Amino acid sequence: MGPATAAAEAALARRAADPLPALRRRDALPLPARLFAQLHALVLTAGLARHSPNFSLLLRLASPLLPVSHRLRLLLSSPLPPTTFLANSLLLASSSSRCLPSALSLYALLFLSSSPPLLRPNAFTYPPLFRAAPPALALALATHSVKFLGAHAASCDRVLGAALLGVFARCGRIASCRRVFDRIAHPDLPAWNALLSAYARLRARDVACATSAADAILELFVRMLSLAIEPNEITLVAVIGACGELGAVSHGVWALVEMYAGCGRLDLAEQVFAAASDRDTRCYNAMLHGLAVHGHGRAALSLLDRMHGAGVPVDGVTVLSVMCACAHAGLVDEGLDYFDRMEIEFGIEPRIEHYGCMIDMLSRAGRLNNAEKLIHEMLIVPNAAIYRSLIRACGIHGKLELGEKMIAELMRLEPDDSGNHVLISNFYARTNRWEDAKKARKEMKSMGIDKNPGSSLVDINGVLHEFLVGDKTHPASKEIYTMVEEIETRLIECGRRSSTSSALFDVEEEDKADTLSYHSERLAIAFALIASNPGAPIRIIKNLRVCADCHESAKLVSRVYGREIVMRDRTRFHHFRDGVCSCGDFW
DNA sequence: GTAGGGTTAG
């Protein structure tokens, strides 16, 4: 017998032992109804159904479009009595989000309806339901599962634990995520990834928590490595993002940090991108976004051309990144054009973020009437960010009436947000309505709303130093403040005009009225000038938008002290060199 | 015993 015959024999033997190998794939698609009926008959008549795993496979191939009653009968057609295992298999077949209602009725019929219920759910019952359900419903199901299985059982199982963690993460409940994770006895890679991704999501969604979330990610990553859990690409997505957040360039373990635009090293990001062998949509999106926040609008558009040329599919994030690039570079017509094409050419439905970017772009360009028109035309309810863009632009372009209309909308949505109140006060200050500006601040104080304190991080020889506005806690505080004064004196000698009264109110979110020139970035720059190696670029990571006064000052410092300053604020990067900023004073 | 979980985006 030759080797080929032997291989065939072996294959036949395997097939005899495992009659349904092709169906064992996890991603097997549901079968068309007729084909399924034939297979069903075959499995029953061939006696395969007496083996629970085989019957389970059959159930998983049932089309989710079959009526619920039909699928219940299917379960009962088994020569074996129905078990939770088989019921879960049936449920798995209908748990895509498309057929959520049918999955829920099955769940209710099998596990809830009669008393006592037909079957009791177990840890395998819920994860597919969580995946299919939208966040709010998934949260309800999660609570339900914990009640049903008991908190102990629910969290002892690390798969259910990871699934629960995912639900809480989608709902922004980071404390619940932490509690669930802490109860998992021996978390494995997906469980760690679920927690890291929960913090990554928090970092991306909530500016106020971004730094602490990034800290948590790095801390968890170190712990995970010490437990010899091997990270994968999913882990790195969270970790690299966190490194970008902190600007922790010198944390050598994560050399990838430098490569990503998040640290302000666009050059390295481009090198990595160029070296990457197989670039998918995500990869292009990351590079496009990097170019966007560094203000390289034209480069982003040309990369987009290459992406189309390479046949890499675009998605909603691609469009968003391109529009963001256009917005930051003032390429309004190009941005409009791409927005118009997204739905028709690429079949991507615009989401609130796209409208937000669009409105921001139009507003920055002073096309406020177009922006307002778009708000009325769009089919989605506008969010607070959209109103904020318009209010900021109305302040700059002196559109009092529209601005006040938008303020009313914003206050309806988010009356308690400190940033909103500062924004409103600045709007009135810019339009010379000083009394209203003061009133807005007073109102904020009387409501007991705390301002979000401005903070800046600077990396000096591998150690991160954080400064808050007016901070005096740094060990070198005395020298730093002396340096701030010295800088100010030198800049005035070199032609800087001192702050005017309008500039005093012209702040985005840090409250300069109280603190004059002690904004966190000035403290960070002063410290960097004292402590960093001469000639090295100064890298600052700021939590809020940089105010016009600090921006002007950073430009001058770059010239007078001959130092390059790279500052990432809440929305983009500013590269200060020789008295000029890469944003072209448009941010 | 069999099956279920992890991929941010301004």
Side-chain angles (χ1 to χ4, degrees), chain A residues 24 26 51-57 59-60 80 83-93 95 121-132 145 157-167 169-170 172 177 180-181 184 187-207 210 213-214 217 231-242 244-245 260-262 280-282 285-286 288-290 292-293 315-325 327-328 351-361 385-386 388-389 545 569-572:
Chain A
R24 213 163 285 287
R26 270 174 78 168
H51 299 283
S52 195
N54 286 342
F55 202 71
S56 154
L57 280 173
L59 292 176
R60 281 163 56 189
L80 304 166
T83 58
T84 299
F85 168 53
L86 291 177
N88 290 346
S89 307
L90 190 59
L91 209 51
L92 188 60
S95 58
N122 64 13
F124 291 85
T125 309
Y126 293 98
L129 289 173
F130 294 163
R131 273 167 71 85
S145 75
D157 186 296
R158 61 187 171 195
V159 178
L160 181 56
L164 280 170
L165 230 158
V167 173
R170 279 196 282 155
C177 289
V180 171
F181 183 81
I184 302 176
D188 56 3
L189 179 61
W192 280 97
N193 283 346
L195 184 63
L196 287 167
S197 302
Y199 277 107
R201 179 184 291 262
L202 181 70
R203 180 178 84 72
R205 301 269 160 110
D206 189 344
V207 184
I217 289 171
N232 68 357
E233 71 281 10
I234 296 175
T235 323
L236 288 178
V237 168
V239 172
I240 291 165
E245 180 69 47
Y260 268 121
D280 59 2
T281 303
R282 262 167 199 280
N285 288 351
L288 283 170
H289 185 234
V293 294
D315 66 6
V317 179
T318 316
V319 179
L320 200 55
S321 302
V322 170
M323 286 168 52
C324 176
H328 279 300
R351 291 185 302 151
I352 188 79
E353 295 90 338
H354 296 104
Y355 284 110
C357 197
M358 215 41 217
I359 284 161
D360 189 44
M361 186 168 75
I386 287 179
R388 277 192 289 268
S389 297
R545 286 159 66 104
D569 75 4
R570 170 185 189 151
T571 45
R572 62 166 294 152

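Predicted, not measured: the structure shown is a model, and the values here were computed from it. Chain A is the first sequence line, chain B the second, and so forth, proteins listed ahead of strands; every chain is numbered from 1.
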Colleague: For A:Asp188, answer base if it contacts any base atom (sugar-phosphate contacts may also be present), sugar-phosphate if it contacts only those atoms, and nothing otherwise; contact means non-hydrogen atoms under 4.0 Å.
Modeller: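 Base contact.
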Colleague: Mind calculating the distance between CZ (A:Arg203) and C1' (B:dG10) to the nearest angstrom?
Modeller: 12 Å
Colleague: Within less than 4.0 Å of OP1 or OP2 of B:dG4, is there a side-chain N or O belonging to A:Arg158?
Modeller: no
Colleague: Does A:Leu189 reach a base, just sugar-phosphate, or nothing at all? Heavy atoms under 4.0 Å.
Modeller: base
Colleague: From the list B:dG10, B:dG5, B:dG4, which nucleotide is the closest neighbour of the side chain of A:Cys357?
Modeller: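 In terms of side-chain proximity for A:Cys357, the closest of B:dG10, B:dG5, B:dG4 is B:dG10.
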Colleague: Under a 4.0 Å threshold between the charged nitrogen and the carboxylate oxygen, would A:Asp569 count as salt-bridged to A:Arg545?
Modeller: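 Salt bridge flag = no for A:Asp569 with A:Arg545.
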Colleague: Please state whether the base of B:dG5 and the side chain of A:Asn193 form at least one donor-acceptor pair under 3.5 Å?
Modeller: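 By the distance-only test, no, there is no pair.
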Colleague: Compare the minimum distances between each of B:dG5, B:dG10, B:dG4 and the side chain of A:Pro128, then state the nucleotide with the smallest one.
Modeller: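 Out of B:dG5, B:dG10, B:dG4, the nucleotide with an atom closest to A:Pro128's side chain is B:dG4.
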Colleague: Could you check which of B:dT2, B:dG10, B:dG4 has an atom nearest any side-chain atom of A:Ser52?
Modeller: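 Closest nucleotide to the A:Ser52 side chain: B:dT2.
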Colleague: From C-beta outward on A:Asn122, which listed nucleotide comes closest to its side chain: B:dT7, B:dG10, B:dA3?
Modeller: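 That would be B:dA3.
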Colleague: Could you please name the option among B:dT7, B:dT2, B:dG4 that lies closest to any side-chain atom of A:Ser197?
Modeller: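 Output: B:dT7.
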Colleague: How about A:Ser321 and A:Asn285: does a side-chain donor come under 3.5 Å of a side-chain acceptor?
Modeller: no
Colleague: Apply the side-chain hydrogen bond (donor to acceptor under 3.5 Å, both in side chains) test between A:Asn122 and each candidate in A:Asn88, A:Thr84, A:Asp157; give the one that qualifies.
Modeller: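 Single pass found, and it is A:Asn88.
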Colleague: Under 4.0 Å, heavy atoms only, any strand: does A:Ala238 hit a base, just the sugar-phosphate, or nothing?
Modeller: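 The residue A:Ala238 makes no contact with any strand.
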Colleague: Report the nucleotide, chosen from B:dG5, B:dG6, B:dA3, that has the shortest atom-to-atom distance to any side-chain atom of A:Ile234.
Modeller: B:dG6
Colleague: Identify which nucleotide among B:dG5, B:dA3, B:dG10 has an atom closest to any side-chain atom of A:Ala162, counting heavy atoms from C-beta outward.
Modeller: B:dG5
Colleague: Atom CG of A:Leu90 to atom C1' of B:dT2: distance rounded to whole Å?
Modeller: 16 Å
Colleague: Rounded to the nearest angstrom, tell me the gap between atom CG in A:Leu92 and atom C1' in B:dG5.
Modeller: 12 Å
Colleague: Between A:Arg131 and B:dG6, does any side-chain N or O lie under 4.0 Å from OP1 or OP2?
Modeller: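 True: A:Arg131 side-chain N/O within range (under 4.0 Å) of B:dG6 OP1/OP2.
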